[in-house]
Novice: 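Below you'll find the structure I mean.
Atoms within a ligand are numbered from 1 in the order they appear, just like the ligands themselves.
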Amino acid sequence: MDKFTENYVKSFMAGLVARNPGEVEFHQAVGEVVNNVASYVVANPHLMDQKILERMVEPERVIMFRVPWVDDAGNIQINKGYRVQMNSAIGPYKGGIRFHASVNLSILKFLAFEQTFKNSLTTLPMGGGKGGSDFSPRGKSDAEVMRFCQSFMTELCRHIGQDTDVPAGDIGVGGREVGYLFGQYKRLRNEFTGTLTGKGLSWGGSLLRPEATGFGACYFAQEMLATRGKSFEGQTVLISGAGNVAQYACKKATELGAKVVTLSDSDGFIYDPDGIDEEKWQYVMHLKNVLRGRIREYAEKYPTAQYFPGERPWKIPCDIAMPCATQNEIEEADAKNLVKGGCYCVTEGANMPTTPAAIEVFQHAGLLYSPGKASNAGGVATSGLEMSQNSMRQHWTKEDVDVQLHRIMSDIHAACAKYGTRPDGTIDYVKGANLAGFIKVADAMLAQGLV
Ligand code: NDP
Ligand code: 2IT
């Protein structure tokens, strides 16, 4: 980066931090993109003149609202509700809804910002958005979750629609929550449309949407591994998380011949040196999705496994790591442990799970490393395929969807290679994803004038 570009980045980031005080996750997500695209912006002065980057970091609209509901004991509860409509240059706002106690505006702005570039990479016409609440479904009854979802949607329904903004799941929002949200949307708006994705199969959902993020991450990892003549066969894989993304990453990696030895939740992780085979995976599915239990119980059921309370999986030796839980779950010391333990490929299933210092460690050590906005895009891509099916009033087969998911992940890999290949022939997936995602959105914004 030359001096002029360096100063441009510095002053851009200083302005961003001043205008968005305290929003550390948002600063982190923007900082990464700006570092990667600044040289391109400087080389194309009309992008600077048109203040494309300045526009991109200002959400088109942020909706914040009160979510009142009544718990099972009859007490009134109040939560915060949000929808960040970040960018609609290439399609309706699209992105998940997160229900977790940690949710705040900074986290949703970082997620909506990332989503804009991710959706651009999918090749499908979707803008970027994200929403959520500081409500945590953990420990709540089904009836409480339903009442909360109904109250949340009572306000949100005015701001979304199949051609405006199409939410889906994320942390704490799975099939159950999408069902309650969709039911209330349909009741209030009196329309049966594809306004949410991740729906049940009998009411407009797409085959393979539940699997898509985890499967897609493994398809992307296959492409990464192939650049070094490798595959999942015989490899030891660490996965964090035990939710939707982790579950299906575990299933696909195992199907492809790998041995997955860890899963985790916010309380700790399990290490099963024998690997999580099909039978154990079925147990995890029941434990997490039906009983809504904790991953600790895995080690009680399978004595070959060990439970590490309060720890993350990254100290276990492995070949491949797939963080699939949450943001900033791999810090610098974790990254060093991974490198020391022989890990040579990190494929992100979660959004921004690796801190900037940890990314530096991976890139310096020459690992294959892909950011979530590239490798977890299979989820939102399949949401895009669900939207197409809803508009066409059609239902595609699993094979049809899987062929498209494969094609999309492979196209994203090609886009990363096109914009991120280093002089030595290796791929900087972070730069490739950011630049490819950015150029398409920037061109669409330029074409549409100052809006
Ligand atoms: P789930 O709610 O199904 O699972 C989340 C998992 O991560 C749980 O095991 C949870 O443990 C753990 N987790 C959540 N927050 C924390 C935390 N602060 N610290 C440690 N562990 C935590 O969510 P998903 O699997 O859907 O999402 C996982 C990640 O993947 C997120 O980053 C999400 O944004 C991303 N993603 C999801 C997509 C999707 O289609 N669902 C698509 C693309 C990305 P616990 O039960 O203890 O909370
Ligand atoms: O982060 C993500 O890409 C998601 N949570 C999925 C969003 C979607 O609209 O399917």
Novice: So does Asp134 pair up with Arg98, basic N to acidic O under 4.0 Å?
Specialist: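 No.
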Novice: Is it true that the side chains of Ser88 and Glu60 contain a donor and an acceptor less than 3.5 Å apart?
Specialist: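 Yes, side-chain donor-acceptor contact under 3.5 Å.
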Novice: So, do Tyr307 and Tyr298 have ring centers that fall under 6.0 Å from each other?
Specialist: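 No, ring centres 6.0 Å or more apart.
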Novice: Inspect the surroundings of NZ in Lys251 and state if more than 12 heavy atoms from other residues, nucleotides or ligands are less than 6.0 Å away.
Specialist: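 Yes, the 6.0 Å shell around NZ holds more than 12 heavy atoms from other groups.
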Novice: Near ligand 1, which protein residues have a heavy atom under 4.0 Å away?
Specialist: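 Contacts of ligand 1 under 4.0 Å: Arg98, His100, Lys118, Arg138, Asp170, Ile171, Gly172, Arg209, Thr213, Gly241, Ala242, Gly243, Asn244, Val245, Ser264, Asp265, Ser266, Arg294, Cys324, Ala325, Thr326, Gly349, Ala350, Asn351, Asn376.
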Novice: Can you list every pair where an N/O of ligand 2 is under 3.5 Å from an N/O on the protein?
Specialist:
unit_1   : atom_1 : unit_2 : atom_2 : d
ligand 2 : 1 (O)  : Gln115 : OE1    : 3.4
ligand 2 : 1 (O)  : Lys118 : NZ     : 3.0
ligand 2 : 1 (O)  : Lys130 : NZ     : 2.9
ligand 2 : 1 (O)  : Asn351 : ND2    : 3.0
ligand 2 : 3 (O)  : Gln115 : OE1    : 3.4
ligand 2 : 3 (O)  : Gln115 : NE2    : 3.0
ligand 2 : 3 (O)  : Lys118 : NZ     : 2.7
ligand 2 : 5 (N)  : Lys130 : NZ     : 3.3
ligand 2 : 5 (N)  : Gly169 : O      : 3.1
ligand 2 : 5 (N)  : Asp170 : OD1    : 2.9
ligand 2 : 9 (O)  : Lys94  : NZ     : 2.6
ligand 2 : 10 (O) : Arg209 : NH2    : 3.0
ligand 2 : 10 (O) : Ser383 : OG     : 2.6

Novice: Would you mind checking if Arg209 and Glu386 are paired as a salt bridge, meaning a charged N to carboxylate O distance below 4.0 Å?
Specialist: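 No, no charged N to carboxylate O under 4.0 Å.
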Novice: Do other residues, nucleotides or ligands put more than 12 heavy atoms under 6.0 Å from the CZ atom of Arg187?
Specialist: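 Atom CZ in Arg187 is not crowded, with 12 or fewer foreign heavy atoms closer than 6.0 Å.
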Novice: Hey, is Glu191 close enough to Lys186 for a salt bridge, meaning N to O under 4.0 Å?
Specialist: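 Answer for the salt bridge query: no.
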Novice: Could you tell me if the side chain of Leu53 sits less than 4.5 Å from the side chain of Val37, heavy atoms only?
Specialist: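 Of all side-chain heavy-atom pairs linking Leu53 with Val37, at least one is under 4.5 Å.
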Novice: Is the count of non-hydrogen atoms from other residues, nucleotides or ligands lying under 6.0 Å from Lys80 atom NZ greater than 12?
Specialist: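 Atom NZ in Lys80 is not packed in, count stays at 12 or less.
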